[in-house]
4 protein chains.
Amino acid sequence: MEPSRPLRADAVRNRTKILDAAREQITRLGPDVPMDTIAEAAGVAVGTLYRHFPTKTDLVTAVIGEHSELLTEAIEAAAERVAGGAGAMSAISALVRDIVEAAAADRAVKAAAQNVGAEYLTPDQESRSRVAMTRLIEAAQRDGRLRDDVTADDFYLLILTAPTDVEPAVRARWLQLFLAGFTTGKD
Amino acid sequence: MEPSRPLRADAVRNRTKILDAAREQITRLGPDVPMDTIAEAAGVAVGTLYRHFPTKTDLVTAVIGEHSELLTEAIEAAAERVAGGAGAMSAISALVRDIVEAAAADRAVKAAAQNVGAEYLTPDQESRSRVAMTRLIEAAQRDGRLRDDVTADDFYLLILTAPTDVEPAVRARWLQLFLAGFTTGKD
Amino acid sequence: MEPSRPLRADAVRNRTKILDAAREQITRLGPDVPMDTIAEAAGVAVGTLYRHFPTKTDLVTAVIGEHSELLTEAIEAAAERVAGGAGAMSAISALVRDIVEAAAADRAVKAAAQNVGAEYLTPDQESRSRVAMTRLIEAAQRDGRLRDDVTADDFYLLILTAPTDVEPAVRARWLQLFLAGFTTGKD
Amino acid sequence: MEPSRPLRADAVRNRTKILDAAREQITRLGPDVPMDTIAEAAGVAVGTLYRHFPTKTDLVTAVIGEHSELLTEAIEAAAERVAGGAGAMSAISALVRDIVEAAAADRAVKAAAQNVGAEYLTPDQESRSRVAMTRLIEAAQRDGRLRDDVTADDFYLLILTAPTDVEPAVRARWLQLFLAGFTTGKD
DNA sequence: AATGAATGAGTTTTCATTCAT
DNA sequence: CATGAATGAAAACTCATTCAT
């Protein structure tokens, strides 16, 4: 599914500028920032925004898409590390903590995802992250550290519901409690 | 903060109709429903909305107020039942399940509250529910069913983060996982 | 043109309270004060305002009417004084200065008069003040102090155009210049 | 305060249409004309009004600005004519008569300006008109036709207080009386 | 008569989206 | 392709006036 024809260099540059600006503005001001504001921040005219993203929803979805990609890559990286011998359960804990913290920092992105009703992951990202996550889970279960009934979906649920608008300490407590429900308590 | 004076009968009726409509519309159409829409649903003119609730924030706050009152009363009722001899841990589980289901129905109300910066619990409700919750927790801990380090705040966190936009089965799974982190696993 | 039947005592009291409040509010906040605000200041309900004054215009007109009455009485008093032997031209100067200062203090009343398009004087007031003004003018002309072509209308014009929103010193200068056009310069 | 960049041709056209319509509508319907009405009269959508003038105050200020520019230019032109040998006092009379007539046509604009707190003359216009007016005054005083104590501020006062809501004949009389206070009576 | 709740047209302003230049 | 001006449908809120209690 590559673009029908390669975008011209300056068009690529514009697309990047727009996404950068959108990410920044949405994170700072929430998903209700006017398109004009994003356009100005990007240093282009609104018309250009609409050339790249036919509707605001498309733009917001694209911003979320970036986030999803990062998330997917983080999961894949954790799976790599475990394949390289690292402890599975602690890799999972660290991964989840990182993701939750990132979502908190980028809280507007989450709000945007809800507001727009966009799917959190693209099909491609969905399958890549599911593969990696499953590898992590199975490793931790082989180690006897993770409850046997826990699935990748359970972790997605955890990520989806992590509180973003609370103090870090509260978020840490939340994570501790939730993860306690995943582990066997062994070790 | 005097009780003003008792509202006229028809005004009370309207106030109720407005709150009912607001809850319904916000739940159905999300936190951004126009005041006009709520007015129409309530069968009154916008002016009447504004007579009862000078700003949209006030209206949303009132809707939240009802909801959080119900929540507070549910916690108190559960505490009563336990005082009457019911099993503490199962009372807590049932309570939390009920609350989470109710919160899911009112998902948009929560969003509206956040959009509008309304506080969820009034100071009075806060203290009433804290007292009742603490009684429940202590009873369950005496029974050895609840981890000793769990506090009322932990339950608020659970309630606050319950996923709303998912199917009931998913929500049930989420609750099971989260509660697993609270319990000792005994029995 | 007396009221068809004497108003009940409390109705009279209310009418007075309303006019007092209206004068005060209009003077302070301009003719755009909401009727509700006037009602509250008067300590009555809006409905009562509307019973006494069918439209807002009527109320504003009534407030102006009071002013006109005072104005008429001031002219009559000056004429009395001159009849009693006082200097006519200086009586006129003092009269005009007083009226202009009063209008400045009550600047909103003037604004109201313009906004509402109400006649400044009622027919009765018109004729009473015209008689008195004419007497003053003729006396000053007999003294050779006032230009022979000056009429009562000229003075009304002066009163109507006096600047209200400027500092007292500026207003005094304005009056001096304008009156210089009226006098013969003699004495 | 850079000149931004030259507006596009059609934007300039619209700006003009909007200012024309605003002047016309405010003059005709008073200072409270809705923005929608002005937009319709201008043949544009409201949004276009707001693109050119972010608030109603800005629009009224711009209308005033045009008017006060014309006024300033009229004074400068009169000063030119006098420098070219024309009679100073009659130039002043004619100037004042013209200005007052123009102000009468724009009565509502003045009201709108006050409603909205807009300044009448910009600092630049203020100084330009003061220079020209002073030249006129000094010439008339050299001719012995104007009282020596009369200043530019006195003329502003005259212009400021000219009656607008009266018939032309009445206004002419008013002007005659007022100017009589300015002149020496010589010639 | 008084009360004050209800009405609803109207006001300013915003912003996603379109389209002429 | 980019620009940025124009569009126009909302949205929140106000207030003169009416009318049930």
Side-chain angles (χ1 to χ4, degrees), chain A residues 7-8 10-11 14 32-40 43-59, chain B residues 4-5 7-15 18 32-40 42-59, chain C residues 7-8 10-11 14 32-40 43-59, chain D residues 4-5 7-15 18 32-40 42-59:
Chain A
L7 285 173
R8 268 171 33 184
D10 58 340
N14 269 344
D32 285 342
V33 269
M35 290 293 262
D36 281 355
T37 303
I38 296 174
E40 191 181 9
V44 301
V46 256
T48 307
L49 243 65
Y50 279 90
R51 169 159 294 274
H52 287 278
F53 304 95
T55 71
K56 188 178 185 180
T57 300
D58 292 326
L59 175 54
Chain B
S4 329
R5 94 184 47 192
L7 281 175
R8 259 166 39 184
D10 57 342
V12 174
R13 211 165 25 248
N14 269 342
R15 192 171 209 280
I18 290 169
D32 287 338
V33 256
M35 290 293 261
D36 279 1
T37 303
I38 296 174
E40 193 178 8
V44 300
V46 254
T48 304
L49 240 67
Y50 280 93
R51 164 168 278 270
H52 287 277
F53 306 97
T55 70
K56 191 176 185 180
T57 300
D58 291 327
L59 176 54
Chain C
L7 285 172
R8 269 172 32 186
D10 59 338
N14 268 346
D32 285 342
V33 267
M35 291 292 262
D36 281 357
T37 303
I38 296 175
E40 190 180 10
V44 302
V46 256
T48 306
L49 243 64
Y50 279 90
R51 169 160 293 273
H52 287 278
F53 305 96
T55 71
K56 186 178 186 180
T57 299
D58 292 325
L59 176 55
Chain D
S4 331
R5 92 182 46 190
L7 282 174
R8 258 165 43 182
D10 57 342
V12 174
R13 214 166 22 250
N14 270 341
R15 192 172 209 280
I18 290 169
D32 288 338
V33 256
M35 292 292 263
D36 279 0
T37 303
I38 296 174
E40 191 179 8
V44 301
V46 256
T48 305
L49 240 66
Y50 280 91
R51 163 166 278 270
H52 286 276
F53 307 97
T55 70
K56 190 176 186 181
T57 298
D58 292 327
L59 176 55

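Because the structure is predicted, anything quoted here is derived from the model rather than measured. When reading the values below, keep in mind they use all heavy atoms of this one structure, side chains included, and skip hydrogens, waters and symmetry mates.
- Here A:Val33 pairs with A:Gln25, A:Ile26, A:Leu29, A:Ile38 under the side-chain contact (heavy atoms from CB on, under 4.5 Å) rule; sequence neighbours left out.
- Going from atom CZ of B:Phe53 over to atom P of E:dA6 covers 11 Å, rounded to whole Å.
- Residue B:His52 contributes atom NE2, which lies 7 Å from atom C1' of E:dA5 at whole-angstrom precision.
- Considering CD of B:Glu40 and OG1 of B:Thr37, their distance stands at 7.0 Å, rounded to 0.5 Å.
- Note: CG (A:Asp32) to P (F:dA11) measures 13 Å, nearest angstrom.
- Taking atom CG of B:Leu49 as the reference point, atom P of F:dA11 lies 14 Å away to the nearest angstrom.
- Residue-to-nucleotide proximity on DNA chain E shows that, of A:Pro34 and D:Thr37, the 5′-proximal contact is made by D:Thr37.
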Measure all distances between protein nitrogen or oxygen atoms and nitrogen or oxygen atoms of nucleotides 17-21 of chain F, and list the pairs falling under 3.5 Å.
| residue | atom | partner | partner atom | Å |
| --- | --- | --- | --- | --- |
| F:dT17 | OP2 | C:Tyr50 | OH | 3.4 |
| F:dT17 | OP2 | C:Lys56 | N | 3.0 |

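- Between the CZ atom of B:Arg15 and the C1' atom of E:dG4 there is a distance of 16 Å, given to the nearest Å.
- Taking only side-chain nitrogens and oxygens, C:Arg51 never comes nearer than 4.0 Å to OP1 or OP2 of E:dA1.
- Residues A:Ala45 and D:Thr48 both approach DNA chain F. Their nearest nucleotides, taken by heavy-atom distance, put A:Ala45 toward the 5′ side.
- Across every non-hydrogen atom of A:Ala39 and A:Ala45, the tightest pair is CB-C, 4.0 Å.
- The NE2 atom of B:His52 sits 5.0 Å away from the CG atom of B:Asn14 when rounded to the nearest 0.5 Å.
- For C:Asp58, the side chain to side chain donor-acceptor pair (under 3.5 Å) partners are C:Thr55, not counting sequence neighbours.
- Heavy atoms only, all atoms of each residue included: A:Met35 and A:Leu49 are closest at O-CD2, 3.5 Å.
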So what does the secondary structure string of DNA chain F come out as, 5' to 3', with Watson-Crick or wobble pairs under 3.5 angstrom, [ ] for crossing and | for pairs with another strand? .||||||||||||||||||||
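- Summarising the geometry, the separation between CD on A:Glu40 and P on F:dT3 is reported as 13 Å, rounded to the nearest angstrom.
- Whole-Å rounding puts the B:Asn14 CG to E:dT7 C1' distance at 11 Å.
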